[in-house]
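Each remark here refers to the structure printed beneath this line.
The figures that follow rest on heavy atoms only: side chains count, while hydrogens, waters and symmetry mates do not.
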Amino acid sequence: MESDTDRTYCGVGIRGVAMFVDSFIWIFLTFIAMPFVGILTGNIETGNGTYADLEGTVAVLGLSLWFVLAISYHTVFEWKYGQTLGKYLVSIKVEHKNGGTLSLRESFLRNLLRLVDWLPIFYIVGIGVLFVSNRYQRIGDRVAGTVIVRT
């Protein structure tokens with residue numbers, strides 16, 4: 001078990017840079033989810049290119065698949081490696097608040113609660129909670145018992 005003096009907790013700035021990098025992965029996942037749903041539902045249009053023309057319930061289905069892929073990306077990479085690509089590139093990682101690696105459950109909880117942290121827009125709730133935490137934990141971190149530290 002590591003003590004708090006052995007670790008450097010990461011605040012909004014470096015976490016924001018990591019999230020910015022990871023947002024490109026989220027955009028890439030959109031290009032997987034939407035065409036996949038378009039193919040399944042027959043809502044693929046061709047002409048000057050190929051694109052998924054999704055509206056109504058089919059669009060909600062596409063967004064839901066994208067959400068599952070995005071949360072799965074964070075959950076699996078943080079569980080297996082302690083880092084997403086964005087965290088790796090800025091040399092930070094997620095670990096249990098007592099110093100160990102995350103369980104799949106802890107990783108899933110912290111990432112599912114991104115929905116709450118993101119409210120009302122652009123992580124305002126998460127950032128506010130992070131500022132009043134001595135370990136810079138957002139709601140997802142507090143519930144899952146995790147922290148973000150420098151590697």
(message) Taking Met19 as the starting point, is it possible to reach Tyr9 by hopping between hydrophobic residues whose side chains are less than 4.5 Å apart?
(response) yes
Counting only pairs under 3.5 Å, give me each side-chain donor-acceptor contact of residues 143-151, with atom names and distances, residues two or more places apart or in other chains.
| residue | atom | partner | partner atom | Å |
| --- | --- | --- | --- | --- |
| Thr146 | OG1 | Arg110 | NE | 3.3 |
| Thr146 | OG1 | Asp141 | OD1 | 2.7 |
| Thr151 | OG1 | Ser91 | O | 3.1 |

(message) Applying a strict under-4.5 Å side-chain criterion to I, L, V, M, F, W and Y, I'd like to know whether Ile121 and Leu130 cluster together.
(response) yes
(message) Is there a path of hydrophobic side-chain contacts, each under 4.5 Å between heavy atoms of I/L/V/M/F/W/Y residues, joining Val76 to Leu69?
(response) no
(request) Would you name the heavy atoms of Val90 and Ala18 that are closest together and state the gap between them? (result) CG2-CB, 3.8 Å
For residues 26-39, dump all side-chain donor-acceptor pairs below 3.5 Å to protein atoms at least two apart in sequence or in another chain.
| residue | atom | partner | partner atom | Å |
| --- | --- | --- | --- | --- |
| Trp26 | NE1 | His74 | NE2 | 3.0 |
| Thr30 | OG1 | Trp26 | O | 3.2 |
| Thr30 | OG1 | Trp66 | NE1 | 3.2 |

(message) Restricting to side-chain hydrogen bond (donor to acceptor under 3.5 Å, both in side chains), what partner residues turn up for Thr41, sequence neighbours left out?
(response) Asn43
(message) What I'd like to find out is whether the side chain of Thr84 reaches to under 4.5 Å of the side chain of Glu78, using heavy atoms alone.
(response) yes
(request) Hey, could you give me the CG/CZ distance between Leu85 and Phe24, rounded to the nearest 0.5 Å? (result) 11.5 Å
(message) Distance check, rounded to the nearest 0.5 Å: Gln137 atom CD versus Lys97 atom NZ?
(response) 7.0 Å
(request) Tell me, please, which residues at least two apart from Leu119 pass side chain to side chain contact (heavy atoms under 4.5 Å, CB included). (result) Val125
(message) With ring-ring contact (aromatic ring centres under 6.0 Å, His included) as the rule and sequence neighbours excluded, what pairs involving residues 78-106 come up?
(response) Phe77-Tyr81
(message) Rounded to the nearest 0.5 Å, what separates atom CZ in Arg142 from atom CG in Leu113?
(response) 12.5 Å
Do any side-chain atoms of residues 56-65 form donor-acceptor pairs under 3.5 angstrom with protein atoms, and if so which ones, sequence neighbours left out?
| residue | atom | partner | partner atom | Å |
| --- | --- | --- | --- | --- |
| Ser64 | OG | Val60 | O | 2.8 |

(request) Hey, could you give me the CZ/CG distance between Phe108 and Leu102, rounded to the nearest 0.5 Å? (result) 13.5 Å
(message) Using 0.5 Å steps for rounding, measure from the CD1 atom of Ile139 to the CG atom of Asp117.
(response) 5.0 Å
(message) Would the distance check show the side chain of Thr75 and the main-chain N or O of Ser72 forming a donor-acceptor pair, the cut-off being under 3.5 Å?
(response) no
(request) Look only at the side chain of Gln83 and the backbone of Ile92, and say whether a donor-acceptor pair between them is shorter than 3.5 Å. (result) yes
(request) Could you grab the distance from atom CZ of Arg15 to atom CG of Asp22, nearest 0.5 Å is fine? (result) 12.0 Å
